[in-house]
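Below is one structure, written out as structure tokens; the observations come after it.
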Number of protein chains: 2
Amino acid sequence: MLLIMLELKDLPTTGVLHKFAERYPDADITAVSSFLHLLRVATDLSIALDTCLSKHGLLQGRWWVLILLMREDSHTSTPSVLASKAGVTRATMTGLIDGLEQGGLVERVFTKNDRRSVLIHLTDAGQAKLDTVMPDYYQRLRLCMKGLNEAQRIQLEQMLDLINAGIPALTNPK
Amino acid sequence: MLLIMLELKDLPTTGVLHKFAERYPDADITAVSSFLHLLRVATDLSIALDTCLSKHGLLQGRWWVLILLMREDSHTSTPSVLASKAGVTRATMTGLIDGLEQGGLVERVFTKNDRRSVLIHLTDAGQAKLDTVMPDYYQRLRLCMKGLNEAQRIQLEQMLDLINAGIPALTNPK
DNA sequence: GCATTATAGTTAGGAAGCTAACTATGTCAA
DNA sequence: TTGACATAGTTAGCTTCCTAACTATAATGC
């Protein structure tokens with residue numbers, strides 16, 4: 001996954017939030033605070049993940065493609081399906097696959113059934129790359145999350161689901 | 001703020017996670033699950049925020065600059081300070097200011113004290129733009145977050161802080 | 001006082017997303 | 001069966017971030 005955002009080094013203090021709330025009475029101070037807090041931690045996490053992956057010569061988008069392929073029993077999928085699962089456009093997936101193919105981590109296999117389509121196959125080198133990256137990633141992630149016990153992790157996911165349910169309010173036509 | 005990431009439409013099921021955990025025994029399944037959940041919700045939030053702002057002709061980076069300026073009593077700052085507070089490079093800030101200046105929302109004011117430096121000032125049009133955008137943003141955000149009560153919001157921030165404290169584990173040289 | 005170093009801002013070029021348009025192939029219905 | 005439409009993948013061009021190098025100005029130390 002790939003995540004970029006202004007890092008918000010400078011989250012508003014409650015003082016600043018109150019000042020804004022005076023001018024804009026609709027402001028819900030704790031809502032804003034939690035929202036920005038969430039975005040900032042997520043962004044910092046994503047940047048850290050990038051750092052971790054780049055040590056293995058991988059970019060987030062490509063790493064995610066490798067994982068999606070490994071999930072398949074056949075270690076094979078198509079660009080369209082991968083794009084849909086990864087949440088990027090087919091155009092972007094073309095670029096990701098280009099990079100992976102150049103590195104020998106996946107290969108394009110042309111099929112006879114539907115000549116519009118291409119199969120993307122995880123190579124042995126691709127699997128080997130995952131076998132190097134994933135233990136490092138899992139080990140680090142375990143440490144990163146060790147501050148939360150099981151109950152807290154469940155709570156966190158529940159709260160995230162509640163926020164997720166509210167997202168349409170941000171985009172609705174009004 | 002600006003946030004992009006592969007959207008992870010397809011979070012791993014617990015089945016998939018267990019399959020991976022077999023091959024990679026270091027995997028901490030609930031840690032991975034919470035981590036990906038957090039990144040996905042944050043990304044979707046950021047994309048929704050983008051959508052909301054783009055209705056007002058603003059991009060996230062530029063919006064954040066306007067807010068940082070409004071926080072100042074003088075409605076004035078410098079590119080360096082703004083870059084630092086926003087967590088972007090000075091080069092990026094130059095681009096953001098260029099865009100805002102073209103739209104008449106900020107102006108560059110050359111100072112005599114330090115002739116290397118430029119003051120960036122929020123114009124009346126810039127303030128007016130905020131006065132249009134912010135009430136809409138606050139109203140929508142209130143709705144978005146209404147699923148969480150005050151206690152839950154505090155809990156959420158505490159858990160985010162715990163995760164934040166673990167981030168160095170993702171990047172440490174090993 | 002003057003050479004060195006630091007700082008402010010900008011410019012140039014690269015990465016990785018996106019949309020829109022294009023080619024080739026497949027599907028379906030009159 | 002053939003004309004209209006749908007789908008798979010790619011290409012081209014845009015965006016906005018980044019790093020690195022550059023110019024101009026200020027600060028520091030011999």
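A, B, ... follow the sequence lines: proteins, then strands. Residue 1 opens every chain.
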Selected nucleotide, minimal atom distance to A:T89 side chain, candidates D:dC17, C:dT19, D:dT10: C:dT19

Nucleotide D:dC17, atom C1' - distance to CH2 of B:W64 in whole Å: 18 Å

Within the structure, does a side-chain N or O atom of A:S117 lie under 4.0 Å from either OP1 or OP2 of D:dA8? no

In chain order, what residues pass the side chain to side chain contact (heavy atoms under 4.5 Å, CB included) check against B:H121, with sequence neighbours excluded? B:H75, B:T76, B:E107, B:V109

Under 3.5 Å, is there a donor-acceptor pair between the B:E157 and A:S34 side chains? yes

Calculate the interatomic distance between A:I47 atom CD1 and C:dA15 atom P; express it in whole Å. 19 Å

Indicate, with a heavy-atom threshold strictly under 4.0 Å, whether B:S80 touches base, sugar-phosphate, or nothing. sugar-phosphate

What's the closest nucleotide to the B:L59 side chain, out of D:dA20, D:dT16, C:dA20? D:dT16

Heavy atoms within less than 4.0 Å of DNA chain D: which residues of residues 99-115 of chain B have one? Give them sorted by number. B:N113, B:D114, B:R115

Nearest-angstrom distance from the residue atom CZ of B:R62 to P of D:dT15: 10 Å

Checking contacts here: which listed nucleotide (D:dT7, C:dC18, C:dG9) is nearest the side-chain heavy atoms of A:R116? D:dT7

Residue A:R90, side-chain heavy atoms: nucleotide from D:dA8, D:dT16, D:dT19 that is nearest: D:dA8

Indicate whether any N or O donor in one side chain lies under 3.5 Å from an N or O acceptor in the other, for A:T89 and A:T92. yes

With nearest nucleotide decided by heavy atoms, which residue, B:V81 or A:M93, maps closer to the 5′ end of DNA chain C? B:V81

When the distance from CG of A:D98 to C1' of D:dG9 is rounded to whole Å, what number comes out? 11 Å

Salt bridge or not for B:D124 and B:K129, using N-O below 4.0 Å? no

Distance-only donor-acceptor hits, side chain of residues 158-165 of chain B, under 3.5 Å, sequence neighbours excluded:
from, atom 1, to, atom 2, distance (Å)
B:D161, OD1, A:H37, NE2, 2.8

With respect to the side chain of B:L96, which nucleotide from C:dG9, D:dA20, D:dC17 is positioned closest? D:dC17

Taking it one step at a time, do B:Q102 and B:D98 satisfy side chain to side chain donor-acceptor pair (under 3.5 Å)? CA-CA 6 Å; B:Q102 279 187 358; B:D98 283 346; over 6 Å; no

Just by distance, with hydrogens left out, do A:Y137 and B:D26 show a side-chain donor and acceptor under 3.5 Å apart? no

Without decimals, in angstroms, what is the distance between B:I120 CD1 and C:dT10 C1'? 12 Å

